[in-house]
Amino acid sequence: MVRFSEYYLTTTKEETANSDIPSYSLSLRAGMIKKIASGVYAFLPLGYRILKKIEKIVREEMDKTGAIEMLMPALQPGDLWLQSERWQKYGPELFRLKDRNDRDFCLGPTHEELITYLASLDIKSYKDLPVNLYQIQVKFRDEIRPRYGILRAREFIMKDAYSFSADETDLDIIYKKMYGCYSSILERLKLKYYAVEADTGLIGGKYSHEFIILAKNGEDEIVYCPICGYAANYEMAKFKSKKQNIDEPIGEVLQVHTPAVTNIKSLADFLKLPADKIIKTMLLNDKGGNHYAVLLSGDRELNIPKVEKIAGCSLELVENNATGAEMNIGFLGPAGLDSKIKIFADNIIKGRCNMAAGANKKDYHIVNLNYPRDFEVDVWGDFSFAYEGDLCVNCGSPVNFEKGIEIGHIFKLGTKYSKKMGALFLDSEGRLNPMIMGCYGIGVSRILAAVIEQLHDAKGILWPVCIAPFLVNLVAINMEDPDITSNAEKIYEILMREGFEVIFDDRNVRAGVKFKDSDLIGIPIKLIIGKNYAENEEIEIELRKDGTKMKMGVSQTIDFIKSYSQKNFF
RNA sequence: CGGGAUGUAGCGUAGCUUGGUAGCGCGCAGCGUUCGGGACGCUGAGGUCGUGGGUUCAAAUCCCGCCAUCCCGACCA
């Protein structure tokens with residue numbers, strides 16, 4: 001296939017500065033990518049080979065589900081984004097630009113607007129539905145902090161699919177197909193992953209799943225139950241608290257002078273109470289200036305998205321200085337709170353007794369608060385994050401925590417875009433309806449990094465056979481020995497005739513360099529031609545996976561490679 | 001956006017405090033010796049010291065602006 005000496009590939013022995021995680025450092029050292037600007041990378045020939053193989057797998061699995069491939073422009077007119085109102089909502093993450101006539105454009109971070117626009121032009125009847133369209137395209141997001149190389153880049157390659165259907169049932173069918181599709185993609189790539197319940201934000205009421213690849217350096221955290229298989233995004237995770245409600249005689253309400261004690265830790269020290277006997281009162285407000293107080297056990301953290309979900313609007317924490325003295329930030333509590341403020345209380349507090357909380361008065365707290373004697377609650381719910389030691393919401397076993405990389409996200413969009421952009425169809429009774437949409441993304445270039453993140457060792461990358469840039473590296477031990485070179489050439493011919501993806505390391509460098517490069521790049525099989533081939537016609541085989549070494553004749557070697565490639569190791 | 005740092009050959013860096021010849025390692029080219037897990041010797045090519053201005057007889061070095069890159073920061077009742 002290719003001769004190393006003629007190929008475009010340079011590897012480096014030394015790491016580059018700031019290549020802080022293995023996948024980044026190795027993809028630079030193996031000569032797969034090159035950084036062009038912050039968060040912008042070029043795929044060099046080796047990296048591009050791998051990328052194309054990943055694309056191929058994604059494409060095959062998508063096609064199997066009946067999804068149809070197309071290609072939309074990366075450059076999109078601002079008008080469409082005005083229609084969906086995302087032009088206003090998206091913020092600086094959206095790459096915006098103007099053409100010579102001063103018209104607004106953006107570089108697409110996703111393609112909902114475009115696809116919905118296209119569907120509105122072409123789809124008129126329920127007979128045209130359902131349909132699931134996808135593309136593999138470059139996306140742009142002006143990330144606040146691009147990092148970890150290709151894992152979190154500003155320009156990246158993504159497969160995104162958009163489904164249109166006439167009813168929820170068809171949406172469910174496609175959603176399930178996509179769920180299955182993503183699972184098969186990740187299984188073919190030999191990745192360890194979880195499909196977790198994810199936050200839909202305020203947009204979609206329905207559910208969504210994230211596909212998370214387990215990795216120490218991941219930026220996402222998941223909570224899962226090893227017993228029953230429950231898995232969720234850290235922010236979303238439901239759980240049961242282990243702590244029992246304490247049964248003790250109800251005490252009398254007392255006001256305590258607590259000068260300048262404004263946080264849980266100092267209050268716990270001051271009152272000599274454990275943090276979970278304190279009610280933490282967090283104040284949020286919505287865009288309309290309405291306040292919401294959230295009561296939490298003192299040892300828990302506020303989970304704003306969970307509150308937003310119940311409140312039905314986006315919320316912000318009230319800043320310390322924002323409301324000034326009249327709110328008594330630092331001394332808030334449920335008892336005697338301004339009645340205009342809605343009180344949300346975490347279920348964990350339910351049944352607890354003799355709690356301490358702020359007195360809504362500077363420098364004072366109250367002890368021995370008891371519900372419902374001393375305060376009211378408008379809404380009970382789950383408003384905190386799961387902690388180590390919490391229990392599975394389904395089966396009650398302790399939950400585990402794991403870091404990971406978000407690789408895919410499937411989402412039921414509903415009619416958000418179709419309504420705004422007029423993507424309507426006539427149903428069988430002649431009524432006009434907005435199409436029901438779903439969107440399904442998977443990060444193609446991110447997969448490349450994620451695979452390395454999961455599959456590498458001290459020597460380099462361990463590619464699964466299905467995406468390895470080459471299956472076989474033919475190493476001629478010494479290019480100045482005519483016997484060795486002529487034998488290697490002969491074997492090279494045979495391997496090519498067999499149709500194997502082979503790179504022939506014909507460089508005039510020492511054997512050690514060839515071995516190191518081969519391991520770094522992560523080619524699954526090394527075939528080594530040295531002196532002993534001339535002696536007994538046996539090829540030395542070494543496997544990257546575990547360093548296994550074997551010797552066998554040419555035809556057995558061919559058979560071995562065939563069967564090895566079919567097994568798709570890792 | 002706030003805080004902190006850094007920019008010197010393709011890559012990694014020294015020199016800057018105390019202004020005066022730009023140095024080292026890797027890589028690259030040539031020659032020779034080597035040749036089964038990143039060899040060695042000799043020779044050589046390669047630098048607007050991020051950029052613009054200022055101070056000075058003289059600036060990689062001191063001062064100011066700009067640009068780029070990197071790190072940290074979203075939990076406080």
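Just so it is clear, the values below take in all heavy atoms, side chains as well, and ignore hydrogens, waters and symmetry mates. Below, chains carry the letters A, B, ... as their sequence lines are ordered, and counting in each starts from 1.
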Between A/Ala37 and A/Ile264, just flag the one whose closest nucleotide in RNA chain B comes earlier from the 5' side. A/Ala37
Of all the nucleotides listed (B/A77, B/C26, B/C70), which has the minimum atom distance to the side chain of A/Lys280? B/A77
Distance check, P atoms only: B/C11 and B/G47, in whole angstrom units. 13 Å
Check ring pair (Phe, Tyr, Trp, His ring centres under 6.0 Å) between A/Phe156 and all other residues, then give those that pass, not counting sequence neighbours. none
Say we look at B/C40 and B/G27: how far apart would their P atoms be, to the nearest angstrom? 9 Å
Please give, in whole Å, the distance from B/C24 C1' to A/Glu14 CD? 12 Å
For A/Asp142 and B/C1, what is the distance between atoms CG and P respectively, to the nearest whole Å? 11 Å
Reading 5' to 3' through nucleotides 30-41 of chain B, protein heavy-atom contacts under 4.0 Å coded B for base, S for sugar-phosphate only, - for none: ----BBBBBB--
Expressed in whole Å, how much space separates the C1' atoms belonging to B/C75 and B/A68? 33 Å
Taking the six-membered ring for Trp and the single ring otherwise, decide whether the centroids of A/Tyr234 and A/Phe385 are under 6.0 Å apart. yes
Using the P atom on both, measure B/C16 against B/G10 and round to a whole Å. 23 Å
For the side chain of A/Asp104 and the backbone of A/Arg96, is there at least one donor-acceptor N/O pair under 3.5 Å apart? no
Please state the P separation for the pair B/G4 and B/C49 - nearest whole angstrom. 28 Å
For A/Lys35 and B/C11, is the shortest distance between a side-chain N/O and OP1 or OP2 below 4.0 Å? no
Pairing partner of B/C66 (Watson-Crick or G-U wobble, both distances under 3.5 Å): B/G50
In whole Å, what is the span from the CG atom of A/Leu302 to the C1' atom of B/A77? 11 Å
With rounding to the closest Å, how many angstrom separate the C1' atoms on B/C62 and B/G20? 15 Å
Can you measure A/Glu15 atom CD to B/G27 atom P for me and round it to whole angstrom units? 16 Å
Rounded distance in Å between the P positions of B/G46 and B/G23: 13 Å
Identify the two heavy atoms, one from A/Met236 and one from A/Lys306, that lie closest to each other, and give their separation to 0.1 Å. O-CE, 3.7 Å
Looking for any heavy atom pair under 4.0 Å, which part of the strands does A/Ile304 touch: base, sugar-phosphate only, or nothing? nothing
State the pairing partner of B/C1; accept Watson-Crick or G-U wobble contacts with both distances under 3.5 Å, and report none otherwise. B/G73
Strictly by Watson-Crick or wobble contacts shorter than 3.5 Å, is anything paired with B/G41, and which nucleotide is it? B/C31
Euclidean distance for P, B/A22 against B/C64 (whole angstrom): 27 Å
Per the salt bridge (Lys or Arg N to Asp or Glu O under 4.0 Å) rule, what does the pair list look like for residues 477-495 of chain A, sequence neighbours excluded? A/Arg3-A/Glu489
Residue pairs involving residues 34-50 of chain A (criterion salt bridge (Lys or Arg N to Asp or Glu O under 4.0 Å); sequence neighbours excluded): A/Arg49-A/Glu501
Across all chains, not counting sequence neighbours, the ring pair (Phe, Tyr, Trp, His ring centres under 6.0 Å) partners of A/Phe515 are none
Please determine, for B/A60, whether a Watson-Crick or G-U wobble partner exists with both distances under 3.5 Å, and give it or none. none
Given that both distances must come in under 3.5 Å, which nucleotide forms a Watson-Crick or G-U wobble pair with B/C24? B/G12
To the nearest Å, how far apart are A/Tyr292 OH and B/A77 P? 22 Å
What is the nucleic acid contact for A/Ser38, judged by heavy atoms within less than 4.0 Å: base, sugar-phosphate only, or nothing? sugar-phosphate
Shortest side-chain distance from A/Thr16, nucleotide among B/A77, B/C1, B/G12: B/G12
Rounded to whole angstroms, how far apart are CG on A/Leu28 and C1' on B/G10? 14 Å
B/C71 P sits how many Å from A/Tyr24 OH, rounded? 9 Å
Going by side chain to side chain contact (heavy atoms under 4.5 Å, CB included), A/Ser518 matches just one of A/Lys526, A/Glu542, A/Arg544. Which one? A/Lys526
Paired nucleotide for B/G36 [Watson-Crick or G-U wobble; both distances under 3.5 Å]: none
Starting at CG of A/Leu295 and ending at C1' of B/C75, how long is that distance when rounded to a whole Å? 17 Å
With A/Arg86, which residues qualify under side-chain contact (heavy atoms from CB on, under 4.5 Å), at least two apart? A/Trp81, A/Ser84, A/Tyr90, A/Thr110, A/Glu112, A/Glu113, A/Tyr417
